[in-house]
Trainee: 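Take this structure, written in structure tokens, and hold onto it; I'll ask about it next.
Source: prediction; values computed, not measured. So you know, we letter chains A, B, ... as the sequences are listed, proteins then strands, and number each from 1.
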There are 2 protein chains.
Amino acid sequence: MTLKDIAEIAGTSLSTVSRSLNNSPLISEETRARIQAIASAHGFQPNASARSLATSRTGTIGLILPENYDRFDGLLYNAALHNDLRRSLERAELDTIVAFKQNRVSRQDNIEKLVTRKKVDGLILVQPDIDRKSVRFLEERTIPYVLIQYPPDEPNPPYDVFYSDSWTGGRIVAQHLLDIGCHRPLCITGGQERQSRQRVDGFRDAYKASGLPEDTVTVLHGDYSAASAAALIHENLENIGNYDALFAVNDLMAFGAMEVLRASGIRIPEDIAVVGFDDTALATALIPSLTSVHQPEEEIAFLACERLLELIDERTEFGRRISEARTTSLQPRLVIRESSGSRRKPAASDGTGAS
Amino acid sequence: MTLKDIAEIAGTSLSTVSRSLNNSPLISEETRARIQAIASAHGFQPNASARSLATSRTGTIGLILPENYDRFDGLLYNAALHNDLRRSLERAELDTIVAFKQNRVSRQDNIEKLVTRKKVDGLILVQPDIDRKSVRFLEERTIPYVLIQYPPDEPNPPYDVFYSDSWTGGRIVAQHLLDIGCHRPLCITGGQERQSRQRVDGFRDAYKASGLPEDTVTVLHGDYSAASAAALIHENLENIGNYDALFAVNDLMAFGAMEVLRASGIRIPEDIAVVGFDDTALATALIPSLTSVHQPEEEIAFLACERLLELIDERTEFGRRISEARTTSLQPRLVIRESSGSRRKPAASDGTGAS
DNA sequence: TGATTTTATGCAAGCGGTTGCGTTATTTTC
DNA sequence: GAAAATAACGCAACCGCTTGCATAAAATCA
């Protein structure tokens with residue numbers, strides 16, 4: 001079933017059919033209605049390849065995932081983000097090609113492939129192992145693209161980024177713990193990436209600002225896995241009584257730590273308050289439920305898509321980006337649950353309001 | 001950069017370039033090499049739309065996910081499967097359009113859309129809310145497609161299905177528990193879907209076959225969530241001493257149950273052995289680590305892709321499926337961990353060998 | 001050496017849409 | 001009432017690639 005078939009049925013020319021289906025104002029109201037009726041009666045759908053060949057728009061965007069996407073901790077968080085993104089894109093009738101950054105067998109860069117073959121109108125790069133090469137490539141080609149979830153390393157990067165402010169995330173955890181009277185916190189990090197570091201920095205900075213001694217915050221280094229956190233706690237079990245709070249930079253490590261703590265008879269939150277990060281589904285499943293930092297992933301997904309659509313429109317109209325690149329930092333919020341909740345002091349005494 | 005450009009540079013005709021790049025035997029070795037060199041020097045990639053318009057092959061397949069994909073328990077398992085599938089497809093240089101079955105805003109059926117617009121060469125349907133309508137549609141159009149992870153409801157369905165045998169999964173759990181001397185098992189189901197029921201049936205059948213009384217297996221009904229399992233255990237806490245084993249039909253419920261058990265001072269596995277299902281990353285993260293049924297998702301992904309490629313080839317050659325539809329059931333295997341491990345009896349006394 | 005096959009390349013017609021421009025019929029304007 | 005503007009539609013070129021068929025050159029054969 002092609003335009004030609006519809007044209008024959010309707011007894012008009014092929015171009016009239018095309019215009020009718022695209023709601024062109026050049027066509028009279030009756031013919032348009034008549035043709036649209038015929039088309040939908042026959043279940044006509046335009047051939048996507050033919051259309052994009054003619055219009056050089058594909059109606060598809062590329063969602064590029066980092067190589068380590070299948071690591072468990074990332075899986076939980078990213079899969080949710082991923083779904084939110086697709087949901088956002090379907091509002092604009094865009095299909096989504098999901099790809100890893102590199103094809104593992106042909107070693108081809110999927111970004112370059114999708115772009116030069118003109119399979120996509122734009123790209124969403126999720127937590128990319130950002131390399132200057134890809135960015136330069138995309139900029140040279142004036143391809144619409146946005147980045148998600150990566151605190152940029154320069155103040156005003158040439159691209160659009162949407163990320164959840166890790167530093168603030170760490171800070172609001174610290175404020176909450178100070179609020180409930182925890183003055184000897186232990187912190188478990190995940191790695192040396194900026195994201196993990198910033199969470200710890202925000203945490204540490206807030207403790208510094210509270211006037212407590214410099215060395216108040218103890219930091220141990222894990223690798224995002226539950227096992228690593230469990231091992232760390234296990235090794236430091238004899239000193240664990242020195243701490244009254246535990247902040248893990250992701251929920252999974254909080255979980256691993258809690259396992260060992262409880263196995264050792266340490267009560268949560270009475271003996272030690274525990275806070276995680278990412279507010280994954282794990283947080284509510286745990287007993288006691290886990291206080292965690294919720295990242296506004298739905299909002300990030302929504303805004304990133306909106307922006308991408310803008311960029312696509314600009315490109316079809318002017319051939320390139322017109323508006324300036326923006327770096328958008330979204331604020332995470334703390335979800336207080338049992339793992340720190342019941343220790344909470346009645347009311348703030350020092351005016352630092354953590355919401 | 002198009003074929004025409006390359007042709008001008010090489011001083012040949014456009015069709016010679018096309019044939020050279022497609023390794024047609026009609027072209028002499030030298031010209032082919034020369035043209036390929038020029039093309040790759042200029043980073044030429046063929047326009048995907050133009051090529052598929054000419055060949056009616058898109059180099060893209062559609063991966064259709066069920067609506068409830070973002071439910072937590074499914075997320076864990078499916079996201080892993082999903083990654084495995086994409087990895088398998090990239091071996092064949094196929095891109096993947098990922099879509100939910102229905103567009104939530106336009107209410108359009110994405111299967112029909114992707115197929116009639118000719119955006120994909122074939123489809124992989126993951127745990128579809130299988131409806132006769134879609135199947136009939138795909139069959140009429142002779143579209144290559146395979147189903148994953150759905151025990152078919154008829155013995156010889158007209159499509160290709162790959163699934164993990166739930167019944168056997170339940171059975172091997174029971175055999176293991178019998179092996180380690182558990183004679184009073186409690187079972188927590190997830191829902192009324194065939195998948196959940198079959199896991200329980202396999203479990204129950206194996207216990208029946210062991211010669212124990214009919215009512216040996218107690219079954220409680222949850223909803224796949226950790227909270228539901230926790231609630232069930234909580235309600236039945238006073239009777240829990242009657243049981244020496246707990247089988248949950250997914251890891252998440254095993255997790256929820258374990259939380260309550262431990263909070264109540266019940267030891268795992270000494271007082272009660274616990275077994276989950278799906279062998280998600282949760283299983284190794286738990287303390288004690290969770291015995292669970294591992295589904296061969298990598299193998300399923302691999303076989304499903306292989307088969308889909310066959311179907312696509314058949315269709316391009318003959319216009320329709322030639323080979324008969326096969327139902328492929330893959331065998332899950334039990335991964336024994338701490339939550340049931342240390343209770344294990346030294347050697348089998350009755351010859352039922354659980355591997 | 002002329003006729004026939006083989007080999008290498010070019011021509012041109014699609015694939016199924018979109019869209020600028022031309023044509024015809026109908027209104028509007030003075 | 002004739003000229004100009006407007007409205008509705010058709011023609012045909014084009015998007016970039018593939019491929020059947022024609023052609024020319026080289027190789028093989030009688």
Side-chain angles (χ1 to χ4, degrees), chain A residues 1-36 38-39 42-60 113-121 316-317 319, chain B residues 1-36 38-39 42-60 93 113-121 315-317 319:
Chain A
M1 181 100 313
T2 71
L3 279 193
K4 202 171 144 201
D5 300 327
I6 305 284
E8 276 168 15
I9 297 174
T12 71
S13 84
L14 190 152
S15 41
T16 299
V17 176
S18 171
R19 293 200 172 95
S20 297
L21 297 178
N22 291 325
N23 293 316
S24 156
L26 295 179
I27 301 296
S28 73
E29 198 52 56
E30 315 100 77
T31 14
R32 182 218 313 270
R34 192 167 60 87
I35 289 180
Q36 286 187 350
I38 294 176
H42 291 257
F44 171 81
Q45 298 267 58
N47 180 306
S49 306
R51 172 176 278 186
S52 31
L53 186 55
T55 60
S56 62
R57 292 193 54 158
T58 61
T60 309
K113 185 183 119 186
L114 291 174
V115 166
T116 47
R117 299 203 164 176
K118 300 242 170 68
K119 274 201 141 182
V120 295
D121 294 333
T316 46
E317 190 166 359
Chain B
M1 183 101 308
T2 71
L3 279 193
K4 202 173 146 203
D5 300 326
I6 305 283
E8 277 169 14
I9 296 175
T12 72
S13 84
L14 191 150
S15 42
T16 300
V17 176
S18 172
R19 291 200 173 95
S20 298
L21 296 178
N22 291 325
N23 293 316
S24 155
L26 294 180
I27 301 294
S28 74
E29 198 52 58
E30 316 99 79
T31 20
R32 184 219 312 271
R34 193 168 59 87
I35 287 180
Q36 286 187 349
I38 294 176
H42 290 259
F44 172 80
Q45 299 266 58
N47 181 306
S49 307
R51 172 175 278 185
S52 31
L53 186 55
T55 60
S56 61
R57 291 192 57 157
T58 62
T60 309
E93 290 286 327
K113 184 182 119 187
L114 290 174
V115 166
T116 45
R117 299 205 164 175
K118 298 240 170 69
K119 275 202 139 180
V120 295
D121 295 334
R315 175 163 146 117
T316 48
E317 191 167 359

Trainee: Mind calculating the distance between CD1 (A:Ile6) and P (C:dG16) to the nearest angstrom?
Mentor: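 Atom CD1 in A:Ile6 sits about 13 Å away from atom P in C:dG16.
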
Trainee: Would you say C:dT9 has OP1 or OP2 under 4.0 Å from some side-chain N or O of B:Ser28?
Mentor: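 Yes, such a contact exists.
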
Trainee: Measuring from atom OG of A:Ser13 to atom CG of A:Leu3, what distance do you get when rounded to the nearest 0.5 angstrom?
Mentor: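 Spacing of OG (A:Ser13) from CG (A:Leu3) equals 10.0 Å.
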
Trainee: Whole angstrom is fine here: how far is it from CZ in A:Arg57 over to P in C:dG16?
Mentor: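 Roughly 23 Å, once rounded to whole Å.
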
Trainee: For B:Ser24, answer base if it contacts any base atom (sugar-phosphate contacts may also be present), sugar-phosphate if it contacts only those atoms, and nothing otherwise; contact means non-hydrogen atoms under 4.0 Å.
Mentor: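 B:Ser24: no heavy atom of the nucleic acid under 4.0 Å.
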
Trainee: Between atom CZ in A:Arg32 and atom P in D:dA7, what is the gap in whole Å?
Mentor: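 It works out to 14 Å between those atoms.
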
Trainee: Round to the nearest Å and state the distance from B:Glu8 atom CD to C:dG10 atom C1'.
Mentor: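 These atoms are roughly 15 Å apart.
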
Trainee: Supply the atom-to-atom distance B:Ser15 OG to B:Ile27 CD1, rounded to the nearest 0.5 angstrom.
Mentor: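 The distance works out to 7.5 Å.
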
Trainee: Which is it for A:Ile6 and A:Leu21 under the side-chain contact (heavy atoms from CB on, under 4.5 Å) test, yes or no, and what are the steps along the way?
Mentor: CA-CA 11 Å; A:Ile6 305 284; A:Leu21 297 178; 5.7 Å; no

Trainee: For A:Glu30 and D:dA7, give me the distance from atom CD to atom C1', rounded to whole Å.
Mentor: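 Nearest whole value for this atom pair: 12 Å.
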
Trainee: If you look at every heavy atom in B:Lys119 and B:Thr60, which pair is closest and at what distance?
Mentor: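 Taking B:Lys119 first and B:Thr60 second, the nearest heavy atoms are O-CB, 3.7 Å.
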
Trainee: Select base, sugar-phosphate, or nothing to describe what A:Ser56 touches, counting heavy atoms under 4.0 Å on all strands.
Mentor: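 A:Ser56: no heavy atom of the nucleic acid under 4.0 Å.
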
Trainee: Give the angle between the helix axes at the two ends of the helix from C:dT1-D:dA30 to C:dC30-D:dG1, taking five base pairs at each end and rounding to 10°.
Mentor: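 Roughly 50°, once rounded to the nearest ten degrees.
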
Trainee: Counting N and O atoms only, with roles assigned by atom type, does the side chain of A:Gln36 sit under 3.5 Å from a partner on the main chain of A:Ser20, one being a donor and the other an acceptor?
Mentor: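 Yes; judged by distance alone, with no hydrogens or angles, the pair exists.
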
Trainee: Is there a donor-acceptor pair closer than 3.5 Å between any side-chain N or O of B:Asp121 and the backbone N or O of B:Thr58?
Mentor: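 Between the backbone of B:Thr58 and the side chain of B:Asp121 there is a qualifying donor-acceptor contact (under 3.5 Å).
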
Trainee: Whole angstroms only, please: what is the CG-P distance between A:Leu53 and D:dA13?
Mentor: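 So the two atoms are 17 Å apart, to the nearest Å.
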
Trainee: Between B:Asp5 and B:His42, is the side-chain contact (heavy atoms from CB on, under 4.5 Å) condition met? List the steps.
Mentor: CA-CA 10 Å; B:Asp5 300 326; B:His42 290 259; over 6 Å; no

Trainee: Could you state the atom-to-atom distance from CD1 of B:Ile27 to P of C:dT9 in whole Å?
Mentor: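 Computing the B:Ile27:CD1 to C:dT9:P distance gives 5 Å.
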
Trainee: Quick one, give me the B/S/- string for nucleotides 17-23 of chain C, reading 5' to 3', where B means a protein heavy atom under 4.0 Å from the base and S means that only happens at the primed atoms, P, OP1 or OP2.
Mentor: BBBBB--

Trainee: Please give, in whole Å, the distance from D:dT19 C1' to B:Leu21 CG?
Mentor: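 Going from B:Leu21 (CG) to D:dT19 (C1'), I get 15 Å.
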
Trainee: Start with the C-alpha distance between B:Arg51 and B:Asn22, add both sets of side-chain angles, then the distance that settles side-chain contact (heavy atoms from CB on, under 4.5 Å), and finish with yes or no.
Mentor: CA-CA 12 Å; B:Arg51 172 175 278 185; B:Asn22 291 325; 3.2 Å; yes

Trainee: Less than 4.0 angstrom between a side-chain N/O of A:Ser52 and OP1 or OP2 of D:dC15, yes or no?
Mentor: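 No, outside the criterion.
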
Trainee: Checking all strands, does A:Thr12 fall into the base, sugar-phosphate, or nothing category for heavy-atom contacts under 4.0 angstrom?
Mentor: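 Sugar-phosphate contact only.
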
Trainee: Please check if atom NZ in A:Lys113 has more than 12 non-hydrogen atoms from other residues, nucleotides or ligands closer than 6.0 Å.
Mentor: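 Result for NZ/A:Lys113: enclosed.
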
